[in-house]
Amino acid sequence: MKSLIYLLTIIVLIVSCRQADTEYSNEELVNPESVMAYEEGDTLVLRKMPEGLSQWLRYYQQLDTGFTLRNFKASGVTLHMDGLPDAISPPTENSFSDLFLYSPDSTQYLDLVSYNFLKEEISGRQVLISGDPDQQVVIADSRKNVRKQLMYNGPSQLAEFANWTGNQSFLIGMTERRDRQQGMSAELYFFHLKDSSFTNFVLNHTVAADSVNLIKNTFLEQYFKARNYEIK
């Protein structure tokens, strides 16, 4: 009887450990130990699907049913971020704070919008106006009052969403639209701040041009609209 109780106790402990490993509290949604282990063709393994990523995938699945996480494949190369340049700070950047994406502990944030959009209030409505054709993606540490340039994208590229997966890691979804005949490519970038590394996962096909041309807005613009901003 004692042996049976002992065995049942061991089973309960094993099951409890497995369940705890799949739940999100303060743990990262992506296992940080897996960052350096991704090989070419691997898919991103998540403990839980972040809402921003889920929305991004659903938005483009309207055009392409293959726009799914399993079709984003690791490039096989893990790169390091060393010596990021200081961000270019427009005078209006603080007015975009409600659109910054904050880490779970609120000490850091990602800014996808203050460089390439203008913000105005017109007749009581919040309006965003496209400004610079290029996009600067900023990572900021509010404790140290430091803003660094994580990406600088040309007119055809756009970081459309960011999702923190823990206090030390985050995802960024990028699309690239070429001319009207070549369609759209997409990538997911997983950044891990503890060792300043990142891995990119590339959609294994191009979204057809005729599908892309059917939609007027990018996902980033849909994100604004969901927060009651008008786009001009």
Backbone N or O of Gly66 within a donor-acceptor pair of the Asn71 side chain at under 3.5 Å?
-> yes
Donor-acceptor pair, Gln135 side chain versus Gly154 backbone, under 3.5 Å?
-> no
Taken to the nearest 0.5 Å, the spacing of Phe191 CZ from Leu150 CG works out to 4.0 Å
Look only at the side chain of Glu221 and the backbone of Thr218, and say whether a donor-acceptor pair between them is shorter than 3.5 Å.
-> yes
Listed once per pair and sorted, the salt bridge (charged side-chain N to carboxylate O under 4.0 Å, His left out) pairs that draw on residues 101-116, sequence neighbours left out | Asp111-Arg147
Value rounded to 0.5 Å, distance of OG in Ser114 from NZ in Lys119 = 10.5 Å
Minimal non-hydrogen separation, Gln149 against Leu84, with atom names | O-CD2, 3.6 Å
Scanning both residues in full, the closest heavy-atom pair of Gly166 with Pro104 reads O-CD, 3.6 Å
Is there a donor-acceptor contact under 3.5 Å from the side chain of Ser185 to the main chain of Thr206?
-> no
For residues Tyr229 and Asp98, is any side-chain donor paired with an opposing acceptor at under 3.5 Å?
-> yes
Shared ILVMFWY cluster between Leu118 and Ile122, side chains joined below 4.5 angstrom?
-> yes
Is it the case that Glu93 and Ser89 place a side-chain donor and acceptor less than 3.5 Å from each other?
-> yes
Below 4.5 Å, heavy atoms only, C-beta onward: do Thr107 and Asn167 meet side chain to side chain?
-> no
Should Leu63 and Val202 be regarded as members of a common hydrophobic cluster, given that ILVMFWY residues are connected when their side-chain heavy atoms come within less than 4.5 Å of each other, either directly or indirectly?
-> no
Distance, nearest 0.5 Å, that separates CZ of Phe219 from CH2 of Trp56 | 9.0 Å
pair Ile88-Val138: side-chain heavy atoms closer than 4.5 Å = no
Reported OG1-to-CE distance for the pair Thr165 and Met49, which is rounded to 0.5 angstrom = 13.0 Å
Could you tell me which non-hydrogen atom of Ser106 sits nearest to which non-hydrogen atom of Ser142, and how far apart they are?
-> O-OG, 3.7 Å
Got a sec, which pairs hit salt bridge (charged side-chain N to carboxylate O under 4.0 Å, His left out) with one end in residues 53-76, sequence neighbours left out?
-> Glu51-Arg58
With side chains defined as the heavy atoms from C-beta onward, is the minimum distance between Asn163 and Ile172 less than 4.5 Å?
-> no
Do you reckon Val146 sits in the same ILVMFWY cluster as Ile139, going by side-chain contacts under 4.5 Å, direct or chained?
-> no
Donor-acceptor under 3.5 Å (Arg125 side chain, Glu121 main chain) | no
Assign the ring pair Tyr102 / Tyr109 to parallel, tilted or perpendicular, where the plane angle (0 to 90°) is split at 30° and 60°.
-> tilted
Exercise: do Glu187 and Asn200 side chains pair donor with acceptor under 3.5 Å = yes
NZ (Lys48) and OG (Ser54) are apart, to the nearest 0.5 Å, by 11.0 Å
Before giving the answer on ring-ring contact (aromatic ring centres under 6.0 Å, His included), spell out for Phe190 and Tyr38 the whole-Å C-alpha distance, their side-chain angles and the decisive distance to 0.1 Å.
-> CA-CA 11 Å; Phe190 173 58; Tyr38 281 113; 7.3 Å; no
Ring centroid separation for Tyr152 and Tyr115, is it under 6.0 angstrom?
-> yes
Which of these, Thr43, Leu203, Leu53, Leu57, sits in a side chain to side chain contact (heavy atoms under 4.5 Å, CB included) with Leu188?
-> Leu53
Which pair of non-hydrogen atoms, one from Ile129 and one from Val127, has the smallest distance, and what is that distance?
-> CG1-CG1, 4.0 Å
Closest heavy-atom pair, Leu112 versus Ala159, reported as atoms and distance to 0.1 Å, is CD2-O, 3.4 Å
What about Phe67 and Phe72, are their ring centers closer than 6.0 Å?
-> yes
Heavy-atom closest pair (Leu110 atom, Ala162 atom, distance to 0.1 Å) is CD1-CB, 3.6 Å
Beyond-backbone contact of Met151 with Met174, side-chain heavy atoms, under 4.5 angstrom | yes
